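Each remark here refers to the structure printed beneath this line.
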There are 2 protein chains.
Amino acid sequence: MAVKTKTQILNTAEALFAQQGFSNTSLRTITTCADVNLASVNYHFGSKKLLIQAVLQRYLDVLMPKVNQQLDHLVESVAEPEVPHIFEAMVEPLLSLNNLRPNGTSTFVLLLGRGYSESQGHLRRFITEHYGPVLMRVVAMVHQALPELAPSEVFWRLHFAIGTFVFSMASSSALTEIAAADYDQDVDIKGVIGRILPFISAGVATPLQTGNWSLDLKRDIA
Amino acid sequence: MAVKTKTQILNTAEALFAQQGFSNTSLRTITTCADVNLASVNYHFGSKKLLIQAVLQRYLDVLMPKVNQQLDHLVESVAEPEVPHIFEAMVEPLLSLNNLRPNGTSTFVLLLGRGYSESQGHLRRFITEHYGPVLMRVVAMVHQALPELAPSEVFWRLHFAIGTFVFSMASSSALTEIAAADYDQDVDIKGVIGRILPFISAGVATPLQTGNWSLDLKRDIA
DNA sequence: CATAAATTCAAACTGTTGTTTGAATCGTTT
DNA sequence: AAACGATTCAAACAACAGTTTGAATTTATG
């Protein structure tokens, strides 16, 4: 055999999962496209849920150590890293996933988006259990870069940033199509990341609002 | 009968859809909870897909005219509205959905998030077809507030903003739970909106980057 | 080469999904 | 009260889901 059945399933599954979502992709579709037997999924992975985790794990096991490593470099080279630095530190590891597999970067981010919005917790739990320390470190560093913000405020803004990132990636194919049609603009995954980073950096680092808009909020509830 | 079957279905369906997503909510669950016959969904709405659209339409038909009206007020009172003004104009209409139904605001935004991330285009098409003009107006006004930005740049940033909003709302229940557990913080839908608005306003209005981070991007691809 | 383990395979199982059907029931109108 | 259309109902339908099974086949081992 050219490629082992197990990795053949993983390759086909990750492509279909990224394209159509987890619950919309049946094991029969996967095994047919992969040209393997239906039962082989349960034989090699145990269940569909575990297959999904295996697909993501194959990326996360590569990505997370690299992110950690980039953060090491950052604290070595910059005394007090700012928010954009921290986010930029994650770019290179993300793009390096293209070396892992063709279209690795966009595939992974698509999968991440699917996982966040589709799964009812089991994937989020899997990620925080297996890769918690790196995530904690990012939170701590952002908090250090924005000491005037309460920890809870940092928490919220980082989740907004994740939301922006993950959601934009999940619909990036649709968006790049529209951009190409309406603005004659060819944007790839790198271009999208390059546009998101300033956006979320500005959002996370924006000073606390003391303005008047919250008055509107209170006034108009009725 | 106290409540007509049709609205009883709509009420139950929207709650379950918001809570578990569209594809994860079966018609049998809906009709059982609503205490109506299974066939009544197809009788009154034709199909599940049309039921989903009906659930969203009931909100959008109220929300969109109000947004339009708020934008009218804005252009009357402010000569050159800025980005935060435009976003704030959408807050009151959103919160007014609580008058429509209990928890109307959070339910609607949850539904919007589900619709965006779950449906493969049919919901997005439905929305842009039925409520396109208002959306166009928002795009135009933001572009007017940020004339130095290319239209395509405005396009991207607004979609990032939508992504932030919709995604955060779709996972707001999980987030508020974590916030309550980890930070002893009770945050309701108003609190989340109040935190998102400064975030996306800063993101959308951030000046174009000429910095050096894109160099890292190019250097590290390999 | 023979034996044992690992893997593949076709088929069936169990459960759920959205949808349809045709009779029974209800509400209104004549 | 009779007749009619609108609605409800239990039941079945067809398609698809993930999973299991046990025999056939391949691969590796002694």
Side-chain angles (χ1 to χ4, degrees), chain A residues 1-58 111 114-115 117-123 125-126, chain B residues 1-58 111 114-115 117-123 125-126:
Chain A
M1 58 191 68
V3 186
K4 287 183 124 69
T5 303
K6 200 168 174 178
T7 64
Q8 175 70 10
I9 292 175
L10 284 172
N11 290 338
T12 312
E14 78 167 36
L16 290 170
F17 283 154
Q19 193 182 335
Q20 326 176 339
F22 297 119
S23 52
N24 281 330
T25 305
S26 70
L27 294 184
R28 281 173 174 81
T29 310
I30 294 172
T31 53
T32 303
C33 290
D35 205 43
V36 300
N37 189 268
L38 169 62
S40 56
V41 170
N42 289 279
Y43 176 77
H44 284 288
F45 298 95
S47 70
K48 186 183 182 181
K49 197 181 282 190
L50 289 173
L51 170 64
I52 295 174
Q53 293 187 5
V55 166
L56 261 101
Q57 186 160 18
R58 208 161 54 137
L111 290 170
R114 301 285 190 190
S117 49
E118 267 193 47
S119 78
Q120 314 90 324
H122 90 90
L123 252 184
R125 212 175 316 124
F126 169 78
Chain B
M1 56 193 68
V3 186
K4 287 186 125 65
T5 303
K6 200 168 172 177
T7 64
Q8 175 70 10
I9 293 174
L10 284 172
N11 290 338
T12 312
E14 80 167 36
L16 290 169
F17 283 154
Q19 194 182 335
Q20 326 176 339
F22 296 118
S23 52
N24 280 331
T25 305
S26 72
L27 295 184
R28 281 173 174 80
T29 310
I30 295 171
T31 52
T32 303
C33 291
D35 205 42
V36 300
N37 189 269
L38 169 62
S40 55
V41 170
N42 290 279
Y43 176 77
H44 284 289
F45 298 95
S47 71
K48 185 183 182 181
K49 196 182 280 189
L50 290 173
L51 169 65
I52 295 174
Q53 293 188 4
V55 166
L56 262 103
Q57 186 159 18
R58 208 161 54 137
L111 290 170
R114 301 286 190 187
S117 50
E118 268 194 45
S119 78
Q120 313 90 327
H122 91 90
L123 253 184
R125 213 176 315 124
F126 170 77

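The structure displayed is predicted, hence computed values, not measured ones. Computed from heavy atoms alone, side chains included, the values below leave out hydrogens, waters and symmetry copies. Letters A, B, ... mirror the listed sequences (proteins, then strands); counts begin at 1.
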Practice task
Calculate the interatomic distance between B/Arg28 atom CZ and D/dA12 atom P; express it in whole Å.
Solution key: 13 Å
Practice task
Check the distance between C/dC9's P and A/Asn42's CG and give it to me in whole angstrom.
Solution key: 15 Å
Exercise for the section: Report yes or no: does A/Thr29 contribute a side-chain atom to a donor-acceptor pair with the main-chain N or O of A/Thr25 at less than 3.5 Å? Expected result: no
Problem - Atom C1', compared across C/dT19 and D/dG18: separation rounded to whole Å - result: 22 Å
Exercise for the section: Could you tell me the separation between the NZ atom of A/Lys48 and the P atom of D/dG18, rounded to a whole number of Å? Expected result: 4 Å
Handout entry: C/dA10 OP1/OP2 closer than 4.0 Å to side-chain N/O of A/Asn37
Key = yes
Practice task
Please round to the nearest 0.5 Å and tell me the distance separating atom OG1 of B/Thr5 and atom OH of B/Tyr43.
Solution key: 10.0 Å
Practice task
Compare the minimum distances between each of D/dA6, C/dT19, C/dC9 and the side chain of A/Ala39, then state the nucleotide with the smallest one.
Solution key: C/dC9
Fill in the blank from the handout: Closest to the 5' end of DNA chain C, once B/Ser47 and A/Asp35 are matched to their nearest nucleotides, is A/Asp35
Exercise for the section: Calculate, to the nearest 0.5 Å, the distance between atoms CZ and OG1 belonging to B/Phe17 and B/Thr12 respectively. Expected result: 10.5 Å
Practice task
Quickly work out the B/Tyr43 OH to D/dC9 C1' distance and round it to whole Å.
Solution key: 13 Å
Handout entry: Whole-Å distance separating the CD1 atom of A/Ile9 from the P atom of C/dC9
Key = 10 Å
Practice task
Examine D/dT8: is either OP1 or OP2 under 4.0 Å from a nitrogen or oxygen in the side chain of B/Thr5? Give yes or no.
Solution key: yes
Handout entry: Exercise: do B/Asn24 and B/Arg114 side chains pair donor with acceptor under 3.5 Å
Key = no
Exercise for the section: Provide, to the nearest angstrom, the distance between the CZ atom belonging to A/Phe22 and the C1' atom belonging to D/dA17. Expected result: 17 Å
Exercise for the section: Verify the contact: side-chain N or O of B/His44 to OP1 or OP2 of D/dT8, cut-off strictly under 4.0 Å; return yes or no. Expected result: yes
Practice task
Using only side-chain N and O atoms of B/Ser26, determine if any of them is under 4.0 Å from OP1 or OP2 of C/dT17.
Solution key: yes
Handout entry: Distance in angstrom units between B/Lys6 NZ and D/dA6 C1', rounded
Key = 13 Å
Problem - Length of the CG-P vector between A/Leu27 and D/dT20, whole Å - result: 12 Å
Problem - Side-chain donor or acceptor of A/Glu14 paired with backbone N/O of A/Val55 under 3.5 Å - result: no
